[in-house]
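This report concerns only the one structure given below.
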Amino acid sequence: MDDPHCDERMLLRTVRRFGLVNRAVSGWGTIYRSRLRPYLRARANDPRERPTRILDVGCGGGDVSLTLARRARADGFAVQVCGIDPDPWCLSI
C-alpha cells in the first residue's frame with residue numbers, strides 16, 4: 001500500500017475490504033459501547049459541548065468513521081466525524 005507505484009486497482013480492492021476486516025477483528029463495537037458511548041453521554045448533558053467532534057486518523061476507506069457516526073447518531077448523539085489519511089487513494093473511495 002505504501003508503494004507509490006502499486007497497482008491502483010488492487011489497492012482500491014484492498015481498501016474496500018477494510019470494512020470486512022475491521023468488523024471481524026477490530027472490536028470497534030465494544031470500544032464504542034465501553035468508551036465512546038459513555039463519553040458522548042456525559043457530554044450530551046452540557047449543551048455547550050454539542051456536537052462532539054470525532055477525528056479518525058488513518059481512516060483508510062472510512063469504514064470505522066462511518067460506523068462510529070452511525071452508532072452515535074442511532075443513540076441520539078450529535079457528532080461530527082472527520083477522517084484523514086495520508087494516502088490519497090484511500091480518500092478517493
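Along the sequence shown, the residues carry numbers beginning at 1. Values below: every heavy atom of this structure, side chains too, minus hydrogens, waters and symmetry copies. Please read all numbers here as calculations on a predicted model, not as lab measurements.
- When all heavy atoms are compared, the tightest approach of Gly83 to Ser65 is CA-OG, 4.0 Å.
- The side chain to side chain contact (heavy atoms under 4.5 Å, CB included) search around Ala72 returns Tyr32, Leu40, Phe77, Val79, not counting sequence neighbours.
- When all heavy atoms are compared, the tightest approach of Arg73 to Gln80 is NH2-CA, 4.5 Å.
- Residues Cys59 and Asp85 share a closest heavy-atom pair of N-OD2, 3.4 Å.
- In terms of hydrophobic clustering, with Ile, Leu, Val, Met, Phe, Trp and Tyr side chains grouped at heavy-atom distances under 4.5 Å, Leu66 and Leu36 are assigned to different clusters.
- Residues passing the side chain to side chain contact (heavy atoms under 4.5 Å, CB included) test with Arg9 are Asp7, Arg13, sequence neighbours excluded.
- Taking CD1 of Ile54 as the reference point, atom SG of Cys82 lies at 11.0 Å (rounded to 0.5 Å).
- Listed by chain and number, the residues in a side chain to side chain donor-acceptor pair (under 3.5 Å) with Arg70 amount to none (sequence neighbours excluded).
- Scanning for salt bridge (Lys or Arg N to Asp or Glu O under 4.0 Å) contacts around Arg37 gives Asp75, with sequence neighbours left out.
- Side-chain contact between Ile84 and Leu55 is present, with heavy atoms from C-beta onward closer than 4.5 Å.
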